[in-house]
Amino acid sequence: MPDMSDPFDLPFFDEPGGEPAPNPPARKAGGGIAARAMAARRGPQAQTPDYVSGLNPEQRLAVETTEGPVLVLAGAGTGKTRVLTTRIAHILATGRAYPSQILAVTFTNKAAREMKTRIGVLVGEAVEGMPWLGTFHSIGVKLLRRHAELAGLRSNFTILDTDDVIRLIKQLIQAEGLDDKRWPARQFAMMIDGWKNKGYGPKDIPEGDARSFANGKGRELYQAYQDRLKTLNACDFGDLLCLPIRMFREHPDVLAEYHRKFKYILVDEYQDTNTAQYMWLRLLAQRPKAERPTSPLRGGRAEGAGGGSLGTEGPPPLTPPLQGEGDAAASENRVNLCCVGDDDQSIYGWRGAEVDNILRFEKDFPGAAVIRLERNYRSTAHILATASHLIAHNEGRLGKTLFTEHSDPDASKVMVHAAWDSEEEARAVGETIEQLQRPDREGRRHNLNDMAILVRASFQMREFEDRFVTLGLNYRVIGGPRFYERQEIRDAMAYFRVVAQPADDLAFERIVNTPKRGLGETTIRQLHDIARARGVPMLTAAEDIVETEELKAKPRASLRNVVENFRRWQKMLDNTPHTELAEIIFEESGYTDMWKNDRSAEAPGRLENLKELIRSMEEYESLRSFLEHVALVMDTEQNAEQDAVTIMTLHSAKGLEYETVFLPGWEEGLFPHQRSLDEGGRSGLEEERRLAYVGVTRAKKNLHIWFVSNRRIHGLWQSTIPSRFLDELPEAHVDVAEAGSSYGGYGGAFAQGRGGNRQNPYGASRFDSVGSGNNAGSGSFSNTYATPGWARAQANKTAATDRNWGTRSGAGVERIGYGETDSQRGAGRGSVKTRTIEGELIAKSTMDTPSAFSVGDRVFHQKFGNGNVAAIEGNKLTIDFDKAGQKRVLDGFVTGV
DNA sequence: AAGCCGTGGATCATT
DNA sequence: TCCACGGCTT
C-alpha cells in the first residue's frame, strides 16, 4: 500500500494520542474491528470465538499464546499463514491492542498482501487499520520517512533500484581512476548488499573484503558510495534495513517510542531473516528490562567485527542500556514477539539468510514458548514420508515430523523416473501431463493449473518450453524478467522520477538522451561536473548552462527543450491527474514516438507495456505514491487466467502447492548443485537438501521425480549420475517407474519387502536389484535395456562401482545411511537386472565420478580422433590427441580403442 | 547509430 | 554451447 502521501498512521484505528490501549477502542460504531472486540469482551470465556474454532490444538495454542516470546515451527502445509492471521485477529478481537500497535513483518509483498486479505476476511473489515503490516523494507521506508533527518536524509528521499546502484558505482569506480572492467560495478554492488545484509557500514567490513576489491580500496569505495547516496538524498534496499537500525541505536528515545507503540510483533518466515533484519527485530522487540546477557547486538558475536555497527561516520556506540521507561509494569516489558518459520525450508542462505537465527531463538528469547505445527493438511502420507525421510539426513535441525490424519489407500507412491537425456525427460513429462489431462474413468480431468514443474536452475526450463510449444501445451513460466525491470518501464519511471524528484540525478541521466536528442557523453559530462562543483542537481545545472555559451548551438537548444519540458511537467504535477500527466510526458518527450518508429520485434510489446504501466497507475492516488509503490514492489500480479502448467524454479515455489508436481534434474552436480557444494560444503549440501524438501512438499497428491544420465551443461554433454537425494528417499513410499514404452529410457525398481532397515537409523532407502522376489512390475523390465545409452551407462557404472568398492570404501569414506549388506550388493552388482539406480551408490560414497579410464589408455573421440589419456580428474580426462593436441574432455565422450 | 566481433560467464534471485 | 555486453568499426 502506498502511504507516502500519508506518512502517518491512519488516525482511524490508531491508538488515541499514542497512549497505551488498556481498553479496546470504543469508537466506530457498527461492524468492524472495534465492534468485534467489544463482542469478544462481553463474554470472555463464555464461548469459543468462531475464528479459532476451525483450528487444531497446536494452531490454537499458537494463536492464543499471545504474551511473551513464541516460536512457531510450522512445517510445510501445516497452516502457517492461517495461524499468523488468526493470531492477529485474536489480538484485535480481544482488545489486546489496536491495529496500529501490531507490527507484522513479511519478506515479500505477496505474503504481506495475502495476510492483509486474510485478516480482512477474519475481522470482516478492510485492513487499512493495520498500518504496520508489510515487508521489512516497506516498514523500513515508513520509519525513515518519518525520521529521515535522524538518518541523514530528507523525507522525500529516493529509493534506488539495482540498476541505479550499478550505474552509480560504475561512476565512482571510474572517478577513482580504476579500470571498470577489472572491477565490475555489478560485483561491488553485490558485495555492498552482502555487507548491508550483515549490518556492516564501511567501517565495519572485514579487512579481507575491503582488500579484495578495487586494488584494496574496497572500504573507501563503499564509503564514497554512501557519501554519494547522501548527497543524492537517496538510499538503496540495504539501507532500508540498516538506516533504521542505526537510527534506533543513536536515538534511544525514538526507539523507546516504538517500544511503547508496538505491543505485538509478528514475523513470518523467520528462517529467512538475515543478520540486519535480526538486529532490527531485536532492537524493536527488546524491552528495557529484558535480560539479554549475550545479545549479539552488543557485539557479542564472534564474527561480528566491530559489533556489527552501521555508522558511516565513526563506529556507533554499542547499544546503550535502555533506560527511562523504568517504571513500566512488568507485563509491559514482555517481549510479545511471535516468529513463525520452518528451519527445514531455509533456502536463502546464499542471500544472507541466517538459519541460525531460528535455531537460536530459545537462547535469544529466554522462556520462549516453542510450538510445533506438524499436522499437515496438504500432502498424502507417501509424500510426507518421503519429505520427512529426506530431510532427516540433515543435521542441526530443530526437528519436526510431519504427519497427516487422512490416509488415502489409493494414494499413489512417489514416482522416480529415469531418462536418457534431458530432451527425453521433457518429452516424457509432457506425455505424462497429457495423460493426466485426459478424463479418467470417472470423467474427471486434471487441470493444467494443478500441475507444476519445479527445476533447480532456470536453464532447465528451456527444454520443457520447447517441448510444450511443440505439443501445444499451455504453460506459464514464473520468475522471468519482471515487469518493472524492463527497459521501457524503467525509462518511463525515470521520467516520472525527475518530475516528482527534480534532484534525482540518476533518473535524469538515464533519460536525458532517451530518445536520442544529440546529448552525448561530452554534454553529460559537462553537466555532471557543473552539478558537482556547485552542489546542485543536474537538472538545475542544465537550466543554468543553457543560458551560457558553453555548449554548442545544437545540444544547447536540445537541452533547453528538455529543461523546459521538465519544468512544465513539474508545474502540472499537482493539478493534473497523474495518469494523464504520464501520457503527456510520454507524448511530449517523444518517448512513445521512439518506440513507434522502432521496427524491431519487441517495439509493439514495449508500447503495450507502457499502456499497461499507465493502467496500473490508476490504482494510486498520486504520482508520488505510485513511485513509492514501484520502488518497493518489483513484481506484478501474474494473470492466472488460462489453464496452464507452471514452470518455475524450486526457490520461487516456496509457499505454493500443486496436485501434481514434477521435479526433474535430480542429478549430482545439478541437484545438489555443484556450486553449492563447492562454496557451501556441508551446509551447502544441507541447503540443497532443504530445497529438495521444499520441492517434495509442494505436492499434494502426485509427485514425479526425474533424473537423466546425460545433460547438456554449458553446451557440453555431460554424463551424470543420479542425485544422492534419490537414495535418501524411503523405499516404502517410492516406486521406480518402469521404462516408458515410447521413450526407451531405462527403468529400475526398488527391492521391496526386504524388511531390513535395521542397520540404518533412517530406514534403508536402497535402490537395489529387482531379482529378489519383489512384486514391482515383475519381469517387465528385462526388455528395455537395448539402447546404446543403457549399455554405456552400465559399462561406466560397473567400472566405477568396482573401483569404488575396491578402494574408496576400504579407505573409510563415509557412506551415509547405508545398511551394510554385502550379499545384496554382491547380488546386484554386475547383473543386468541391477538398475541404473545402483549408480546411486557411487554418488553416495564419493564426491566425484571416477572415470572408467586410466592414464595411458588409448582412446577415441568423435571430434578429435585418437589419443592417449594423460591425466584423470574425476570424470574429466586430459588427453593428448594425435592431431588435435591436448584437450580436456569428459570421459563420456571417448571410447577405449 | 547500427552492426560486428571478441570476451566472459553461466545457481537460486526479494526488496 | 549460447548469450549478453562492451568496444570497435562503418
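Chain naming here is simple, since letters A, B, ... match the order of the sequence lines and numbering starts at 1 in each.
- Here the side chain of A:H137 is nearest to one of C:dC3, B:dT15, B:dT11, namely B:dT15.
- Closest to the A:R462 side chain, of the nucleotides C:dG6, C:dC3, B:dA10, is C:dC3.
- Classified by interplanar angle (parallel below 30°, tilted 30° to 60°, perpendicular above 60°), the ring pair A:F671/A:F725 is perpendicular.
- Here the nucleotide nearest the side chain of A:S652, chosen from B:dT14, B:dA13, B:dT11, is B:dA13.
- Distances shown here put every side-chain N or O of A:N109 at or beyond 4.0 Å from the OP1 or OP2 atom of B:dT14.
- Within the 4.0 Å cut-off from OP1 or OP2 of B:dT15, not a single side-chain nitrogen or oxygen of A:S138 is found.
- Remark on DNA chain B: of its neighbouring residues A:T162 and A:H673, the 5'-side contact belongs to A:H673, judged by nearest-heavy-atom nucleotide.
- Taking only side-chain atoms of A:R351, from C-beta outward, the nucleotide of B:dT11, B:dT15, B:dT14 with the closest atom is B:dT14.
- Taking only side-chain nitrogens and oxygens, A:S458 never comes nearer than 4.0 Å to OP1 or OP2 of B:dA13.
- Per the geometry, CZ belonging to A:R712 stands 19 Å off P belonging to B:dA10, to the nearest Å.
- In this structure, A:Y348 and A:H651 have tilted ring planes: the angle between them lies in the 30° to 60° band.
- Between A:F107 and A:F136, a ring centre-to-centre spacing shorter than 6.0 Å is recorded.
- Considering only side-chain atoms of A:T108, the nucleotide from B:dT11, B:dT15, C:dC3 that sits closest is B:dT15.
- Ring-base stacking between A:F107 and B:dT15 is not satisfied when judged by a centre separation under 5.5 Å and a plane angle under 30°.
- No contact: A:E687 has no heavy atom under 4.0 Å from any strand.
- Remark: the separation of the P atoms in B:dC12 and C:dC5 is 16 Å, to the nearest Å.
- Side-chain proximity of A:H714 to the nucleotides B:dA10, B:dT14, C:dG6 is greatest for B:dA10.
- Nearer the 5' end of DNA chain B, as judged by each residue's closest nucleotide, is the contact made by A:N513, out of A:E688 and A:N513.
- In this structure, A:H651 does not pack face-to-face on the six-membered ring of B:dA13, missing the 5.5 Å centre cutoff or the 30° plane limit.
- Aromatic ring centres of A:F662 and A:W706 lie farther apart than the 6.0 Å criterion allows.
- Within 3.5 Å, a donor on the side chain of A:R456 pairs with an acceptor on the base of B:dT11, or the reverse.
- Without hydrogens or angle criteria, A:E679 side chain to A:S676 main chain gives no donor-acceptor distance under 3.5 Å.
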